[in-house]
Amino acid sequence: LPDNFTLSAVNGAGFDVADAKDRRNFLVLGDNNTLHNLTIIYMNTPELGGRSYQHGVDFFDKRAINASDKSNILLKNCRLEGMISHHIRLSNCQQPKVIGCHIIGGFWSVVVSGKDVIFQRCLFEKSCCDCIKGGADGALVEDCVFQDTCRDGIDTTGGLNDAVIRNCIFRRLGCCGLDLKSHYEGALGRPENVGILIESCLFSDMPNAVVLTTLDHGRRK
């Protein structure tokens, strides 16, 4: 999509995507893009919430919405459904907002890196791995629900610095609500998972609420 572009749909309108095995992205966003009220459903994908994490069995390659090195992206009141790799992938993006969205299925449903990322009033469910994967500085996750996912609600590989996670519900997850992952040897060249505030959240029906994980890459190049 070009810069400064808005794609808006009437209620229930959007796309049924047939080629979920295709590795390519469905929508590639530019700067100052808005997706509003859009439904994207991936047809003929595996059962939602599969547990064995087998590529081609429990999820397919497709990435629905992708943006790299962009700013001021808004996804509002969208519904994204299907067992694909990623419904949203935001790489090194500045000030993206995901508000009021319903995201169903996916391996890592949302993959994010960048700065000042906002998730508000979103429902994440039935991922076969993690709902949100990655790290960003200055993130806000507020009034969101993470449920019926096989692994984690939020996995912070890459570091989630100076972030606020507030008024969220984490329930019926296979591993944990929050997995805060940091590299032992400083592989990213900067601090990771510093200054996180978890406030007024509910964790229920899962093995662990919050897990602190150290990634040791000492034996790998």
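What you see is a predicted model; the values in this text were computed from it and never measured.
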Using every non-hydrogen atom in the two residues, find where [X] and [Y] come nearest and quote the distance to one decimal.
X: C78; Y: L35; result: SG-O, 3.5 Å
X: C144; Y: V141; result: SG-CG1, 4.1 Å
X: M83; Y: E47; result: CE-O, 3.5 Å
X: C201; Y: I165; result: SG-O, 3.5 Å
X: C150; Y: G49; result: SG-O, 3.1 Å
X: E192; Y: N161; result: C-OD1, 3.3 Å

Whether D148 and K126 form a salt bridge (side-chain N of Lys/Arg under 4.0 Å from carboxylate O of Asp/Glu) is what I want to check.
no
Please determine, by modelled atom types, if [X] and [Y] share a side-chain donor-acceptor pair under 3.5 angstrom.
X: N77; Y: H102; result: no
X: D3; Y: N32; result: no
X: T157; Y: K133; result: yes

Below 3.5 Å, can you tabulate the donor-acceptor pairs from side chains in residues 10-22 to any protein atom, sequence neighbours excluded?
unit_1: N11; atom_1: OD1; unit_2: N37; atom_2: ND2; d: 2.8
unit_1: D19; atom_1: OD2; unit_2: K62; atom_2: NZ; d: 3.3
unit_1: D22; atom_1: OD1; unit_2: R24; atom_2: N; d: 3.0
unit_1: D22; atom_1: OD1; unit_2: R24; atom_2: NE; d: 3.3
unit_1: D22; atom_1: OD2; unit_2: R24; atom_2: NE; d: 3.2
unit_1: D22; atom_1: OD2; unit_2: R24; atom_2: NH2; d: 2.8

Donor-acceptor contact present, side-chain [X] to main-chain [Y], <3.5 Å:
X: T34; Y: T6; value: no
X: S127; Y: F107; value: yes
X: D179; Y: T156; value: no
X: T149; Y: R151; value: no

Any chance you could measure [X], atom [atom1], to [Y], atom [atom2], to the nearest 0.5 Å?
X: I103; Y: C131; atom1: CD1; atom2: SG; result: 8.5 Å
X: I65; Y: I88; atom1: CD1; atom2: CD1; result: 5.5 Å
X: L90; Y: N66; atom1: CG; atom2: CG; result: 8.0 Å
X: L29; Y: L7; atom1: CG; atom2: CG; result: 9.5 Å
X: H36; Y: K76; atom1: NE2; atom2: NZ; result: 6.0 Å
X: L197; Y: R166; atom1: CG; atom2: CZ; result: 6.5 Å

Can you spot which of D130, V145, I132 makes a side chain to side chain contact (heavy atoms under 4.5 Å, CB included) with F124?
I132
Shared ILVMFWY cluster between [X] and [Y], side chains joined below 4.5 angstrom?
X: I169; Y: M206; answer: no
X: L48; Y: Y53; answer: yes
X: V194; Y: L140; answer: no
X: L75; Y: L38; answer: yes
X: I84; Y: I104; answer: no

I196 side chain near L160 side chain, heavy-atom distance below 4.5 Å
yes
Would you say S85 and F59 make side-chain contact, with heavy atoms under 4.5 Å?
yes
From CA spacing to verdict: side chain to side chain contact (heavy atoms under 4.5 Å, CB included), Y42, F26
CA-CA 11 Å; Y42 284 85; F26 183 62; 3.5 Å; yes
Quick one: side chains of residues 108-121, donor-acceptor pairs under 3.5 Å with protein atoms, not counting sequence neighbours, listed by atom name and distance.
unit_1: S109; atom_1: OG; unit_2: G105; atom_2: O; d: 2.7
unit_1: S113; atom_1: OG; unit_2: N92; atom_2: N; d: 2.8
unit_1: Q120; atom_1: NE2; unit_2: E142; atom_2: OE1; d: 2.9

For atom NZ of K70, decide whether the heavy atoms of other residues, nucleotides or ligands shown that lie under 6.0 angstrom number more than 12.
yes
Trace of the side chain to side chain contact (heavy atoms under 4.5 Å, CB included) decision for D155 with K181
CA-CA 7 Å; D155 181 316; K181 282 190 169 77; 2.6 Å; yes
Measure up the F170 and F203 rings against each other and bin them: parallel (under 30°), tilted (30 to 60°), perpendicular (over 60°).
parallel
